[in-house]
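Written below as structure tokens is the structure these notes are about.
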Amino acid sequence: MPELPEVEVTRRALEPLLVGRRIRRVTTTARSYFFLTPPSTLRTRLEGRTVVGLIRRGKYLLAELDDASHLLLHLGMTGQLFSSAAASPRLVSAKSRVSLRPATQRQFQPDAHTHLVIAFSDRGPKLFFRDVRKFGKVRWLAPGREDPRCEKLGVDALEVRGDDLVAACKKRTAPIKSVLLDQSVLAGVGNIYADEALFRARIRPTRRARALKRAEYDALARAVIAVLEAGIAAGGSSIDDFVRPDGSDGGYQGEHRVYGRSGEPCPRCGSEIRRVVIGQRSTCFCPSCQQ
DNA sequence: ATCTGTCCCTGGACGC
DNA sequence: TGCGTCCAGGGACAGA
């Protein structure tokens with residue numbers, strides 16, 4: 001699940017791959033809600049443009065083009081952004097994986113889930129955007145236009161301070177976990193890093209957001225930053241689909257302390273990690289050290 | 001203003 | 001082996 005660390009790892013790897021290159025041809029799958037901008041419009045707006053920058057806002061990537069327009073990308077749940085040079089079993093469904101010989105797995109072949117392919121004038125590596133569940137998004141933004149989704153984003157999670165949480169949680173009776181996932185409060189946190197941050201700060205995810213003590217908001221803000229930075233340093237979490245743009249796996253999935261570990265002993269106290277559902281999201285925590 | 005439930009989608013896990 | 005069912009989840013949206 002791409003969250004801030006995965007998106008930032010992607011951004012850092014793609015920036016040198018994209019910046020300065022001129023888009024020659026754009027190919028897409030059929031029109032669907034994956035395309036906030038219709039494929040035909042995407043093609044005409046992008047072809048001929050040169051990429052001049054790549055920035056991240058929360059979980060969004062924004063490629064700036066030489067005419068001051070932007071290409072907005074969101075990886076959703078299963079999105080994969082990578083270059084021609086990438087190869088990984090994660091870029092192929094398990095079914096076709098078994099039917100493929102190892103030799104043919106080395107070269108990525110665009111499939112029905114490869115919704116966007118960008119080829120460049122220099123005939124070098126292409127950019128692929130593959131997304132099995134199509135929860136990802138692609139949108140072209142005219143010069144000066146902002147995306148309403150981006151405008152609503154709260155403070156970037158890498159820069160959150162206790163004060164931000166105090167202000168955001170003042171009137172909120174929802175569980176603190178739900179507030180961490182609210183992109184208008186904290187931009188970039190998703191299910192994995194929310195659970196990890198709450199574990200690190202020793203706060204039970206079911207607590208009402210407004211009921212935390214001042215010191216707990218501070219601890220939580222520090223914990224959010226710490227887990228996100230650790231995630232970036234490790235190259236992100238490759239659980240189901242995430243791959244880095246070169247096809248390699250991230251390394252953070254092995255460092256999860258509670259996420260996906262229900263039934264296992266807590267790495268801190270040995271109690272059994274429990275799983276509950278909060279806001280339709282599965283949530284793992286240690287009932288003993290998160291009170 | 002805030003909260004909760006539903007929906008989009010597909011592949012993998014699991015039970016029979 | 002094969003089929004049916006359930007589940008995962010980011011975020012928009014509707015209704016309470």
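Protein chains get the first letters and strands the later ones, always in sequence-line order, with residue 1 at the start of each. Keep in mind it's a predicted model, so treat the numbers as computed, not measured.
Protein chain A touches strand DNA chain C; the 5'-most and 3'-most nucleotides with an atom under 4.0 angstrom of its non-hydrogen atoms are C:dA8 to C:dA12.
With sequence neighbours left out, the salt bridge (Lys or Arg N to Asp or Glu O under 4.0 Å) criterion links A:R257 to no other residue. Annotation: salt bridge (Lys or Arg N to Asp or Glu O under 4.0 Å) contacts of A:E146 (sequence neighbours excluded): A:R57. Residues passing the side-chain contact (heavy atoms from CB on, under 4.5 Å) test with A:E64, sequence neighbours excluded: A:V52, A:H70. Applying the ring pair (Phe, Tyr, Trp, His ring centres under 6.0 Å) test to A:H115 and every residue at least two apart in sequence or in another chain returns A:F34. Residues satisfying the ring pair (Phe, Tyr, Trp, His ring centres under 6.0 Å) test with A:H256, not counting sequence neighbours, are A:Y252, A:Y259. Listed by chain and residue number, nothing satisfies the ring pair (Phe, Tyr, Trp, His ring centres under 6.0 Å) test with A:Y217 (two or more places apart in sequence, or in another chain).
In terms of heavy-atom proximity, A:E196 sits nearest to A:E255 at OE1-O, 4.3 Å. Taking all atoms of both residues into account, the shortest heavy-atom contact from A:F199 to A:P267 is CZ-CG, 4.0 Å.
Rounded to 10 degrees, the angle separating the terminal helix axes of the helix from B:dT2-C:dA16 to B:dC16-C:dG2, each built from five base pairs, is 50°.
Under a 4.5 Å side-chain heavy-atom criterion applied to ILVMFWY residues, the cluster that includes A:I278 comprises A:V276, A:F285 as well. Its side chain within the 4.5 Å cluster rule, A:L141 clusters with A:I55, A:Y60, A:L62, A:L72, A:L153 among the Ile, Leu, Val, Met, Phe, Trp and Tyr residues.
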What does the list of N/O pairs under 3.5 Å between the protein and nucleotides 3-6 of chain B look like, with a distance for each?
unit_1 : atom_1 : unit_2 : atom_2 : d
B:dC3  : OP1    : A:T173 : N      : 2.5
B:dC3  : OP1    : A:T173 : OG1    : 3.2
B:dC3  : OP1    : A:A174 : N      : 2.7
B:dC3  : OP2    : A:R172 : NE     : 2.7
B:dC3  : OP2    : A:R172 : NH2    : 2.8
B:dG5  : OP2    : A:Q280 : OE1    : 3.3
B:dG5  : N7     : A:Q280 : NE2    : 3.4

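Looking at A:S121 and A:R22, their side chains do bring a donor and an acceptor atom within 3.5 Å of each other.
Nearest-nucleotide mapping onto DNA chain C: of A:Y60 and A:V277, the residue sitting toward the 5' end is A:V277.
In this entry the distance linking CG of A:D131 with P of B:dT10 reads 10 Å, nearest Å. We find that CZ of A:R133 is positioned 15 Å from C1' of B:dC7, with the value rounded to whole Å.
If you check residues 192-201 of chain A against DNA chain B, you find no residue with a heavy atom closer than 4.0 Å.
The residue A:K137 sits apart from the nucleic acid: no heavy atom pair falls under 4.0 Å. As judged by a 4.0 angstrom heavy-atom cut-off over every strand, A:R130 is placed among residues making no nucleic acid contact.
Close to B:dC9, at under 4.0 Å from its OP1 or OP2, lies no side-chain N or O of A:H113.
A salt bridge (charged side-chain N to carboxylate O under 4.0 Å, His left out) with A:E216 is found for exactly one of A:R222, A:R207, A:R208, A:R210, namely A:R207.
Here A:F135 lies parallel enough and close enough to stack on the base of B:dC8, with planes under 30° and ring centres under 5.5 Å apart.
By the 6.0 Å contact criterion, CZ on A:R31 is open, its count of non-hydrogen atoms from other residues, nucleotides or ligands being 12 or less.
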